[in-house]
Protein chains: 2
Amino acid sequence: MEQESRLAGMQRPGGRTARVREAVLAATQDELVERGFHGLAMDQVAARAGVGKTTVYRRWGSPSGLVADLMTELAEQSSPHADTGSVEADLRANAASVLGAVTDRRLGATFQAVIAAATCDEEAAAALRAFYGRRVAEWARAVERAVERGELPEGTDAAEVVRAVSAPLYYRLLVTKEPVDENVAVRSALQALAAARAGAFVRAVPPPVAPSGEGERSRSGRAQNVTTADQGSEMRG
Amino acid sequence: MEQESRLAGMQRPGGRTARVREAVLAATQDELVERGFHGLAMDQVAARAGVGKTTVYRRWGSPSGLVADLMTELAEQSSPHADTGSVEADLRANAASVLGAVTDRRLGATFQAVIAAATCDEEAAAALRAFYGRRVAEWARAVERAVERGELPEGTDAAEVVRAVSAPLYYRLLVTKEPVDENVAVRSALQALAAARAGAFVRAVPPPVAPSGEGERSRSGRAQNVTTADQGSEMRG
DNA sequence: CGCCAAACGGGACTCCTGTTCCATTAACGC
DNA sequence: GCGTTAATGGAACAGGAGTCCCGTTTGGCG
């Protein structure tokens, strides 16, 4: 999308260059598994890949660049998805897929890394967006077919349903750091399904309810005890 | 809990020490807003806070340490939550609260930072867990009351419902990097509510479905098949 | 087969992060 | 007040990440 891969800019993507990239990306993943993103040192990667440090700096620039390229690589590979004819089974399969990606030692480390990188590096963020954009779109087709079959309400936002399946898993993984296991994955799928069946994903914007509670204030604002009585001073436009 | 704050270990937590901590944490937040976690340099923080670099290193050790302490500080402050008597309003208020925290320039930067730090630093991860543990527990009470009132099914896992409200917001913020606005927040709350009403959060483990399609396989070749051969109780309504 | 430029590799160099040492300040107890 | 010493502040020091320079390799092409 944004960039075919790190070979895109190369004017001579011949044998050696491709070999170098392959070796470096593999080494990067190894390092990620062993030391995590914070411990990803360009030196180490270069040494492990058996290439010059200069080369790694020149082509990838930073650890973020490495993981971004890695993610781009993964984005081009992944695509399999189920289409069983039953939304429930499809969504379960989707959840299982995410679970697998997150659980797998190698892939999990990579995802953690790319997400960490994405918090501070635009290139990594773009790679991440591209990856999920593609993946969500793939799985969304199953949901769309379910809508066509009448299993889900007309107007259901398929992509949103798919995202809703992954969201709790990533929430646990990244925010609460709770373990993510099969049980959680199944529940996640079923929750999304239940909400979808209830029409919570139909595209129309829901109407506001009477007392739309004010959110918490930032610490600098120092308002404790929101009584919710205060009416809609909207959060931000 | 793990540590009251960074003052805990201090044997002489008197005026100056407290002042230093305050100044350093404030400076840390400023730096986070301006440069983000990746650009958080101990030197800069020290200079900005008007304290010696040595002091910052001695007491916090690393950028992660700074951020973790900041999160601990925030955890002790936050507590406001709505209890309007209507689950829908409460959950909307919860979503708005999260939205506010994420949207606020200062708080948002801090959360991003602590999450980034948590991916590679156990102390930051612990601070993050503590923060959300507390916050979720607070909001869960509103859901519990809703269960008591009969608005939601018996056996509903209140904490799970609360987490389900935040999950999509953090998913967008961290994974897909889509903008998080009020619209998304409201939808998130209503999705969680719909799922809760449908009984998707009752504590019993859901039953397996017949044709559990083959999940996708992650590239490393491990298959994930949801078998969920657990005991069961029906859950869709 | 041989040219040319693209890409790589190694080593020296720079700069910045983090540490150490010691003098100075100011809480806390009396 | 006054002493003790935890805690801070400054400056010099060390180590490592990232850059630069330039020579070497190698893929593309006639």
Side-chain angles (χ1 to χ4, degrees), chain A residues 3-28 31-32 35-69 113 116-117 120-121 123, chain B residues 3-28 31-32 34-69 113 116-117 120-121 123-124:
Chain A
Q3 50 174 9
E4 183 87 5
S5 74
R6 213 72 188 197
L7 286 176
M10 298 283 104
Q11 298 186 22
R12 190 180 282 183
R16 183 168 65 165
T17 295
R19 269 198 309 279
V20 166
R21 189 173 101 104
E22 197 175 354
V24 168
L25 291 188
T28 299
E31 286 290 309
L32 284 179
R35 328 216 181 235
F37 179 65
H38 67 297
L40 190 64
M42 305 292 269
D43 290 14
Q44 298 289 336
V45 171
R48 185 163 206 155
V51 304
K53 175 172 78 154
T54 312
T55 298
V56 179
Y57 275 110
R58 192 163 27 219
R59 284 183 54 186
W60 288 276
S62 68
S64 296
L66 280 173
V67 295
D69 195 25
C120 61
D121 179 84
E123 188 184 1
Chain B
Q3 52 173 5
E4 181 87 9
S5 74
R6 214 74 189 197
L7 287 176
M10 299 282 104
Q11 297 186 22
R12 190 182 282 182
R16 182 169 65 165
T17 295
R19 266 197 309 280
V20 166
R21 189 173 102 104
E22 197 175 356
V24 168
L25 291 188
T28 299
E31 288 289 311
L32 284 179
E34 290 178 19
R35 330 216 179 229
F37 180 65
H38 67 296
L40 190 64
M42 305 291 269
D43 290 14
Q44 299 290 336
V45 171
R48 186 164 206 154
V51 305
K53 175 173 77 156
T54 313
T55 299
V56 178
Y57 275 110
R58 191 164 29 220
R59 285 182 55 185
W60 288 277
S62 67
S64 296
L66 280 172
V67 172
D69 195 25
C120 63
D121 180 84
E123 187 183 1

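Below, chain A is the first sequence line, B the second, and so on; all start at residue 1. All values reported here derive from a predicted model rather than from experimental measurement.
- Two residues are said to be in side-chain contact when any heavy atoms from C-beta on lie closer than 4.5 Å; A/Arg59 and A/Asp69 fail this criterion.
- Contact of B/Arg16 with D/dT8 (side chain to base): no donor-acceptor pair of N or O atoms is detected under 3.5 Å.
- Counting only heavy atoms from C-beta outward, the side chains of A/Phe37 and A/Leu40 approach each other to under 4.5 Å.
- Residues B/Ala27 and B/Val45 share a closest heavy-atom pair of CB-O, 3.7 Å.
- The shortest side-chain heavy-atom distance between A/Val20 and A/Arg16 falls under the 4.5 Å cut-off.
- Nearest heavy atoms, B/Ser62 versus B/Met42: N-CE, 3.4 Å.
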Please list each protein N or O that sits under 3.5 Å from an N or O in nucleotides 14-21 of chain C, with the distance.
{"residue": "C/dT17", "atom": "OP2", "partner": "B/Asp43", "partner atom": "OD2", "Å": "3.4"}
{"residue": "C/dG18", "atom": "OP2", "partner": "B/Tyr57", "partner atom": "OH", "Å": "2.8"}
{"residue": "C/dG18", "atom": "O5'", "partner": "B/Tyr57", "partner atom": "OH", "Å": "3.4"}
{"residue": "C/dG18", "atom": "N7", "partner": "B/Lys53", "partner atom": "NZ", "Å": "3.0"}
{"residue": "C/dG18", "atom": "O6", "partner": "B/Lys53", "partner atom": "NZ", "Å": "3.1"}
{"residue": "C/dT19", "atom": "O4", "partner": "B/Lys53", "partner atom": "NZ", "Å": "3.4"}

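- Comparing the local axis fitted to the first five base pairs of the helix from C/dC1-D/dG30 to C/dC30-D/dG1 with the one fitted to its last five gives a bend of 40°, rounded to 10°.
- Minimum atom distance to the side chain of B/Arg59 is reached by D/dT8, of the listed C/dC8, D/dG9, D/dT8.
- Two residues are said to be in side-chain contact when any heavy atoms from C-beta on lie closer than 4.5 Å; B/Trp60 and B/Val67 fail this criterion.
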Could you go through residues 46-53 of chain B and list every donor-acceptor pair under 3.5 Å that involves a side-chain atom there, pairing it with any protein atom two or more places apart or in another chain?
{"residue": "B/Arg48", "atom": "NH1", "partner": "B/Glu31", "partner atom": "OE2", "Å": "2.7"}
{"residue": "B/Arg48", "atom": "NH1", "partner": "B/Glu34", "partner atom": "OE1", "Å": "3.3"}
{"residue": "B/Arg48", "atom": "NH1", "partner": "B/Glu34", "partner atom": "OE2", "Å": "3.4"}
{"residue": "B/Arg48", "atom": "NH2", "partner": "B/Glu34", "partner atom": "OE2", "Å": "2.7"}

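- The distance from atom CD of A/Glu31 to atom P of D/dA17 is 12 Å, rounded to the nearest whole Å.
- Here B/Glu22 contributes atom CD and B/Thr17 contributes atom OG1; the two are 12.5 Å apart, rounded to the nearest 0.5 Å.
- As rounded to whole Å, 12 Å separates atom C1' of D/dA7 from atom CZ of B/Arg19.
- Summarising the geometry, the separation between NE2 on A/His38 and P on D/dA17 is reported as 13 Å, rounded to the nearest angstrom.
- Residue B/Thr55 has its side chain nearest to D/dT8 when only C/dC8, D/dT8, D/dG27 are considered.
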